[in-house]
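Here the structure is laid out as structure tokens; the discussion comes afterwards.
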Number of protein chains: 2
Amino acid sequence: MMIQSTLNQQRLNKGSYTVLRALKEIGKLSSAQDIHLWFRLNETADAPALTTIYRALDSLLKMNLLQAVDIGDGERRYEIVEPGEHHHHLICTDCLESIHLEKCFLEAFASSVEQRHGFVVRSHVLEIFGICRKCSSKKPKAPSV
Amino acid sequence: MMIQSTLNQQRLNKGSYTVLRALKEIGKLSSAQDIHLWFRLNETADAPALTTIYRALDSLLKMNLLQAVDIGDGERRYEIVEPGEHHHHLICTDCLESIHLEKCFLEAFASSVEQRHGFVVRSHVLEIFGICRKCSSKKPKAPSV
DNA sequence: ATGAGAATGGAAACGGTTTCCATTATAATC
DNA sequence: GATTATAATGGAAACCGTTTCCATTCTCAT
């Protein structure tokens, strides 16, 4: 299992390991607060403190095991990715579920930007907001406020 | 002048008008705090309070005169756009200046997403981070931390 | 002039995140 | 196994951008 071997190789500390496992179980974009709540709801023992969760997310991010996603509501969310990979999402503004797009189609675009603007691309943010299939079938006539 | 006529048509209040004018003079992506600071540095009279600046930015945004940009540092920035239009940026992580891309090339992509995922696209976020021409010529060998 | 509704400013509250510091766990050395 | 140095942890406080609250001021139709 990938997580285990990473633990051995990079000596992931207990907090980081616990958070990574939680994130895997939760299985969707989660903020530090989400994870903290999840621990309080599901596990009695070994639940790391909020501070530790923040630290764990930071170091997991630095190890390229996570991707951070900012949907603009002031809460940073995280998600497990293949080490070094990243992808983008369709985020439903109704149910807040997210569909992740398999491939990042911007890589190709990056090189054209580099040439056209003399700009060295390091990273990018792309998130698409809207209403998912489930939600739009629930309420056929959503008021577009 | 566009701003003036909008003022007459939509009865922009004083705060909103003042903030819009400031934003135009500053001429780059600015947060509420940036604008507040700018007022304190440049103008003695008529400087709206921070609260008013927040309110003004909100209503200008609702009127589609501004675009909000979130570069993930917890501070929302705003920029004047042609009413209803939007665009994306190349943001230099070194000097924090931003180059705005003329056209949004994602509009076309949206319809393919809608068909493929049954997802109704309402909005999206796309920002590209890296090092601009100026900054990369300043330090030819930037350490890639 | 008068009175109702909107706009404004200042202070307090809010909430996610970071920092601080004392305590506890971990691992290497003797 | 005892002793230390170092890292990890938890809890509380600080931080900071933003929002809310409320009393005051402005605006404008009557």
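Every chain is numbered from 1 and lettered A, B, ... according to where its sequence line falls, protein lines coming before strand lines.
When only modelled atom types and interatomic distance are considered, B:His89 and B:Glu127 share a side-chain donor-acceptor pair under 3.5 Å.
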Note to self: As a quick check of understanding, evaluate side-chain hydrogen bond (donor to acceptor under 3.5 Å, both in side chains) for A:Ser59 and A:Arg55, giving each step before the final call.
What the structure shows: CA-CA 6 Å; A:Ser59 56; A:Arg55 278 188 287 235; over 6 Å; no

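A:His88 contributes a side-chain N or O that, together with a main-chain N or O of A:Leu126, makes up a donor-acceptor pair within less than 3.5 Å. Of the possible polar contacts, none joining the A:Ser16 side chain to the A:Leu12 backbone as a donor-acceptor pair under 3.5 Å is found. At least one donor-acceptor pair under 3.5 Å links the side chain of B:Ser30 to the backbone N or O of B:Lys28. With hydrogens and angles ignored, the 3.5 Å screen pairs no side-chain donor or acceptor of A:Gln67 with any backbone N or O of A:Tyr78.
Listed pair B:Thr51 / C:dG9 fails the phosphate criterion, with no side-chain N or O lying under 4.0 Å from OP1 or OP2. Contact annotation: B:Asn13 does not reach the phosphate of C:dA6 (side-chain N/O to OP1 or OP2, under 4.0 Å).
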Heavy-atom contacts, protein to nucleotides 25-30 of chain D, under 4.0 Å, summarised as B (base), S (sugar-phosphate only) or - (none) per nt, yield ------

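Here the C1' atom of nucleotide D:dC16 and the CZ atom of B:Arg77 are 13 Å apart, to the nearest Å. Going from atom CD1 of B:Ile53 over to atom C1' of C:dT8 covers 12 Å, rounded to whole Å. Atom CG in A:Asp73 sits about 11 Å away from atom C1' in C:dG15, given to the nearest Å. One can place CG of A:Asp34 at 14 Å from C1' of C:dT17, the figure rounded to the nearest angstrom. If you measure from atom CG of A:Leu57 to atom P of D:dA8, you get 15 Å, rounded to the nearest angstrom. Between A:Arg40 atom CZ and D:dG10 atom C1' there is a gap of 14 Å when expressed in whole angstrom units. B:His36 places its NE2 atom 8 Å from the P atom of C:dG10, with the value rounded to the nearest Å. In this entry the distance linking CD of A:Glu75 with P of C:dC14 reads 17 Å, nearest Å.
Residues passing the ring-ring contact (aromatic ring centres under 6.0 Å, His included) test with B:His36: none are found, sequence neighbours excluded.
Place A:Arg55 and B:Tyr54 on DNA chain D by their nearest nucleotides, and A:Arg55 ends up nearer the 5' end.
Across all strands shown, A:Arg76 has heavy atoms under 4.0 Å from sugar-phosphate atoms exclusively, and none from any base.
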